[in-house]
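Report on the following structure.
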There are 4 protein chains.
Amino acid sequence: MVEQRTSRRGRPVSEASRVAALGSAAELLDERGWAGFSVDEVARRSRVGKATIYKHWPSGFALAVQAWGERVTQAVPTLNSGDARSDLYDQVVRLAAFYRSRSGAVAVELLGAGVSAESGAELIAEHFFGARRTATLALVRDGIERGQLGGELDPQLVIDALFGPIVFRLVNGMPALTDSEAAALARLTLRALGA
Amino acid sequence: MVEQRTSRRGRPVSEASRVAALGSAAELLDERGWAGFSVDEVARRSRVGKATIYKHWPSGFALAVQAWGERVTQAVPTLNSGDARSDLYDQVVRLAAFYRSRSGAVAVELLGAGVSAESGAELIAEHFFGARRTATLALVRDGIERGQLGGELDPQLVIDALFGPIVFRLVNGMPALTDSEAAALARLTLRALGA
Amino acid sequence: MVEQRTSRRGRPVSEASRVAALGSAAELLDERGWAGFSVDEVARRSRVGKATIYKHWPSGFALAVQAWGERVTQAVPTLNSGDARSDLYDQVVRLAAFYRSRSGAVAVELLGAGVSAESGAELIAEHFFGARRTATLALVRDGIERGQLGGELDPQLVIDALFGPIVFRLVNGMPALTDSEAAALARLTLRALGA
Amino acid sequence: MVEQRTSRRGRPVSEASRVAALGSAAELLDERGWAGFSVDEVARRSRVGKATIYKHWPSGFALAVQAWGERVTQAVPTLNSGDARSDLYDQVVRLAAFYRSRSGAVAVELLGAGVSAESGAELIAEHFFGARRTATLALVRDGIERGQLGGELDPQLVIDALFGPIVFRLVNGMPALTDSEAAALARLTLRALGA
DNA sequence: GCCTAAGCGAGACGGTACGTCTCGTCTTATC
DNA sequence: GATAAGACGAGACGTACCGTCTCGCTTAGGC
């Protein structure tokens, strides 16, 4: 077995600095959004040197995405109760609620920036959707296997069909979906996916 | 009838400058996207003074959105042939093709930035979705009236259900929808909306 | 006799505009000095078009010099009482008082700018020193003729010797000459010029 | 003894940048004078960032004065040979020669601007006249002590009397003093100051 | 208990964009 | 035909942020 050589000579990398930068980055995104975000300001607030920040993250965008990722992923817990239809319905309603919040608006800003940022797609996928999309994919597949959902549509597309409308609303510059609107959309799509 | 008072004192605003700025802005967005956009560079390329640009548009974002709006709205013509189901199906497939293009990626960047920009929602609504959303809304309403579509869902939500998944894919950092995937999604949603 | 044909077709040149621009220019120089002077602001205050201003004066500097020239030349009246020594002594003391004032500070700003401005020397000579220097020159020559002053020094240099120290003080960043200091200097130089 | 605390936290200020900016500023003043001077152009030529320039100097004027100060102070060396009369005479002739040069014209521009600039008087006094005026003052006082000069006039006024006419000529928009004119003026004033 | 190496904060660096201002010119409708 | 109003291209203003760099200080393992 390969021995993991964790300690080297010299002062070790400071976990405290990493955490402090993430915390200040999240705080700054909360206050000013991505448009008002700057690495200088994160360094100022966290008392972490800019060079140290650039050692941990390749860009301010990468830092912001990771800092915000915690909020995005914690906002809506993944679930798999055995009833795929009801689990998916719950997820849609909960995610709609998230995107109605301040946090959701900042998340959408970052989603847009991710399209052009260096490694933006990977960063967004990893910190915003990665674990969730995988879990929801399993949920859909389980549902199809159990006969709760029809299997004619690619499970990836099922996810897009369920959650896409929520984000679309926001980037259209329209009011976010209410709970009842989100519920109506979820019922529509789930009905179409009926076994 | 309201008399159109077109002339005022002083030298009139130069239409040529306005058009030149829009052209250079579109060119710049094409080359570098919104992340690489700057008012200085637009001024440089178009040989239009910065002060003139700021007289026409309150911010670089407003200029970029208007410049790009022409591409977005011209990419997919609105239609109303009398057959709502087939018209909506066509729109979905065409729009998916647009968002697969370079132009679509830049459009998504701007959509994200619009969330936080000053008057971002209004600008996006006016230049990106305004006319199209209104036309598509009429299409849906006509379809319901003619009995081609079921009327249980708010027409606005119908639009979100149809077009939302396309944009969602992109901001998830995943490959854009292929024609056949877009078609499958359109069929799913239209089936659920069956009379 | 040749009839002077002063009127031509079209609207005559407005003397009122010229005077208004001069007035606003002087007011602006009073408030902000040459450093804070701008043709735009003169046009704004005087409600005279910028093009009209540039028709009357080739540059903002020319306008400023003419506007301020009235203050400079009116501040110290020329005199020739027959007693050259006492007349020159009076002039020195009066001019020192002028350069102690706000008006004097602005005048020195313009003197400095005149060194490099287009036609600066001519403008300064004409509006600031022209008539005065000619008159004082006559005073000196009369004094020499009458035997009140020695004639070994070029009259032009006499003027420089008498009035130079006053301005020099100001551009050295030192407090302006008091009346008694100016008097002491005048007496020194006049003594040296004794017949 | 006071301990010299030379090192501080953070990257030290770059002496090379400071020197490069001064050099480019002097070059620019030489070419275009104060009227054609701009911080942007200095930054461009010296490849020093504008922020760095504004860290070293509070304004473009402060930079220009310091950059030109070296030329002004090196143009005429101070001296004190023991013979005050001959030393002062030499100084007047040499200074007249300096003000006849291109460098002298730029210096006069800066003198005028210093009247209104923020801290203009202090900057001019420090970089243009400071050391020289102090040295010349000592020269005059030594001369009075040794009986070479009469002591009835304030030594500060002696300096104004000797050097004022030189600058006055220039700001009058007249040709600068020739060597022989300067010499005549110096003789006149020194005669008046005779013991 | 020193020595050496690496990470640390602080902050200066060159570069570039911001949005505003002024310059001197121009193009209208009005007088 | 001269005017005021005001838009125009050009480019400087002083500030902010980018990502890199250079300091002195700190913290570890190796000797």
Side-chain angles (χ1 to χ4, degrees), chain A residues 7-14 16-17 20 36-44 46-60, chain B residues 6-14 16-18 20 36-44 46-56 58-60, chain C residues 8-14 16-17 20 36-44 46-55 57-61, chain D residues 7-14 16-18 20 36-44 46-56 58-60:
Chain A
S7 68
R8 287 179 303 165
R9 296 232 292 166
R11 180 172 172 173
V13 169
S14 165
S17 293
F37 184 88
S38 86
V39 174
D40 273 46
E41 182 63 22
V42 171
R44 222 170 283 136
S46 62
R47 307 188 71 77
V48 169
K50 284 175 67 179
T52 302
I53 292 176
Y54 280 103
K55 190 159 294 181
H56 284 290
W57 299 274
S59 64
Chain B
T6 54
S7 67
R8 288 180 304 162
R9 296 239 275 177
R11 178 172 174 172
V13 168
S14 165
S17 294
R18 203 186 61 84
F37 184 90
S38 86
V39 174
D40 271 44
E41 183 62 21
V42 171
R44 223 171 282 136
S46 62
R47 306 190 71 79
V48 169
K50 284 174 67 179
T52 302
I53 293 177
Y54 281 103
K55 194 158 293 182
H56 282 290
S59 63
Chain C
R8 288 179 301 165
R9 291 229 295 164
R11 179 171 171 175
V13 169
S14 166
S17 294
F37 184 88
S38 88
V39 175
D40 275 45
E41 183 62 22
V42 172
R44 222 170 283 137
S46 63
R47 307 189 70 79
V48 169
K50 285 174 66 179
T52 303
I53 292 176
Y54 281 104
K55 191 160 294 181
W57 298 275
S59 64
F61 179 73
Chain D
S7 70
R8 284 182 306 161
R9 298 235 275 175
R11 178 172 173 173
V13 169
S14 164
S17 294
R18 203 185 63 85
F37 184 89
S38 86
V39 175
D40 271 43
E41 183 62 21
V42 171
R44 222 172 283 135
S46 63
R47 306 189 71 77
V48 169
K50 283 174 68 179
T52 300
I53 293 176
Y54 281 105
K55 194 157 292 180
H56 282 288
S59 64

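By convention in this document, chain letters (A, B, ...) are assigned in the order of the sequence lines, proteins followed by strands, and residues within each chain are numbered from 1. Keep in mind that what you see is a predicted model, and the values were worked out from it rather than measured.
- Distance, D:Asp40 CG to E:dT20 C1': 14 Å, rounded to whole Å.
- Between B:Ser38 and C:Gly36, the residue anchored closer to the 5' end of DNA chain E is B:Ser38, taking for each the nucleotide with the nearest heavy atom.
- Under the rule for a side chain to side chain donor-acceptor pair (under 3.5 Å), C:Thr52 has no partner lying at least two apart in sequence or in another chain.
- Closest non-hydrogen pair, A:His56 versus A:Ser14, comes out as NE2-O, 4.1 Å.
- Projected onto DNA chain F by closest heavy-atom contact, D:Glu41 and A:Val39 fall at different nucleotides, the more 5' of which corresponds to D:Glu41.
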Heavy-atom protein contacts under 4.0 Å, nucleotides 7-14 of chain E, coded B base, S sugar-phosphate only, - none = BSBBBBSB
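- In terms of heavy atoms, D:Val48 sits closest to D:Ala20 at CG2-CB, 4.0 Å.
- Mapping B:Gly60 and C:Phe37 onto DNA chain E via the closest heavy atom, the residue that lands nearer the 5' end is B:Gly60.
- To the nearest 0.5 Å, atoms OG (D:Ser17) and NZ (D:Lys55) are separated by 11.0 Å.
- Residues satisfying the side chain to side chain donor-acceptor pair (under 3.5 Å) test with A:Ser59, not counting sequence neighbours, are none.
- In C:Arg44, the CZ atom is crowded: over 12 heavy atoms of neighbouring residues, nucleotides or ligands sit closer than 6.0 Å.
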